[in-house]
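Read the structure below first, then the notes.
In this chain, numbering begins with 1 at the start of the sequence shown. FYI, side chains are in, hydrogens and waters are out, and symmetry mates aren't considered; it's all heavy atoms of this structure. Atoms within each ligand, like the ligands themselves, are counted from 1 in listed order.
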Amino acid sequence: MSVHREPQLLDHEYDGIREYDNPTPGWWHALFIGSVFFSAVYAAFWHSSPMSWSIHDSLMDEEQAYYGLLFRDLGELKPDEATMLRMMQDDKWMSFGASVFRANCAQCHKADGTGETGPNLTDDRWINVKSLGDVYRVVTDGVAAKGMPVWKNRLGQNERILVASYVANLRSNPKPGRTPEGEVIPPWPKASSASSP
Ligand code: HEC
């Protein structure tokens, strides 16, 4: 590109003002052409290459790794009442259940479970639930006709068991909220009377 040269006074004159021919320096050109080239490669890679990744992908990978780590000690939980009763006693897993609830359920059932578009989950009246295991079944299969989503494809089995156990625990602390719906059901079985898995 341009070799350094002394600025030259040009011939033409505007209203008594004459100008120098001041070429943009070579390094500036190089930077400009370099950035044009870089932007083409950048756009091709991040917008069209199957080899690129998004922030969302990285988040999913990290979440996957995190759950792997988190669930390593837990193993694959069995979707039965004994397991739920055991988890309901476990503060660590109940705070995990609470975070699943806040992220996925609070928008309809409210953060404290007292209900908004979905029913109050803290009282003794239930529409689709007669037993503890029904809580897991409703979460898994949803109640499509009434607006309760199906969660089996969106949450793993452990997550569903833990969030269902968390929901079951809400009942120990009934709060006023949405008008009670459904039938009064018997208390959940006691943890000790359940056979261990
Ligand atoms: C889009 C709104 C919505 C979301 C999100 C939602 N629910 Fe629901 N849920 C409902 C509605 C509506 C019902 C009532 C269904 C009926 O009337 O039969 C319901 C019912 C339930 C029931 C049964 C209550 C009963 O009395 O039978 C449980 C348990 C429940 N939801 C748990 C959850 C959990 C756990 C999550 C999150 C993983 C969740 N819901 C997310 C709307 C929602």
* When rounded to the nearest 0.5 angstrom, what is the spacing between CD in Glu62 and CG in Asp57? -> 11.5 Å
Suppose we measure from [atom] to each protein heavy atom; which comes out shortest, and what is that distance?
atom	result
atom 25 (C) of ligand 1	Ile127 N, 3.3 Å
atom 42 (C) of ligand 1	Gly147 O, 3.4 Å
atom 5 (C) of ligand 1	Asn104 O, 3.3 Å

Identify, by atom number and element, the atoms of ligand 1 in contact range of [X], meaning under 4.0 Å from any of its heavy atoms.
X	value
Thr117	12 (C)
Val167	35 (C)
Val129	27 (O)
Lys146	12 (C), 15 (C), 16 (C), 17 (O), 18 (O)

* Decide whether Ser172 and Asn169 meet the rule of one side-chain donor and one side-chain acceptor closer than 3.5 Å. => no
* Under 3.5 Å: N/O of Asn128 near N/O of ligand 1 -> yes
* Asked: What pair of heavy atoms forms the shortest contact from Glu181 to Arg125, and how long is it?
  -> O-CB, 3.1 Å
* In terms of ring plane angle, is the pair Trp46 and Tyr42 parallel, tilted or perpendicular, where the classes change at 30° and 60°? -> tilted
* So if you build clusters from Ile, Leu, Val, Met, Phe, Trp, Tyr with side-chain heavy-atom gaps below 4.5 Å, do Val143 and Leu121 land together? -> yes
* Residues Arg171 and Asp124 bridged, charged N to O under 4.0 Å -> yes
Without placing hydrogens or testing angles, list every side-chain donor-acceptor pair under 3.5 Å for residues 144-154, not counting sequence neighbours.
| unit_1 | atom_1 | unit_2 | atom_2 | d |
| --- | --- | --- | --- | --- |
| Trp151 | NE1 | Pro149 | O | 3.4 |
| Lys152 | NZ | Asp141 | OD1 | 2.9 |

* Structure fact -> The side chain to side chain donor-acceptor pair (under 3.5 Å) partners of Ser165 (sequence neighbours excluded) come to none
* Given the side-chain rings of Phe71 and Tyr66, with only the six-membered ring counted for Trp, is the space between their centroids under 6.0 Å? -> no
* To do: Could you grab the protein N, O or S atoms closer than 2.8 Å to atom 8 (Fe) of ligand 1 for me?
  => His109 NE2, Met148 SD
* What pairs of residues pass the side chain to side chain donor-acceptor pair (under 3.5 Å) test when at least one of them lies in residues 97-113, not counting sequence neighbours? -> Asp112-Thr114
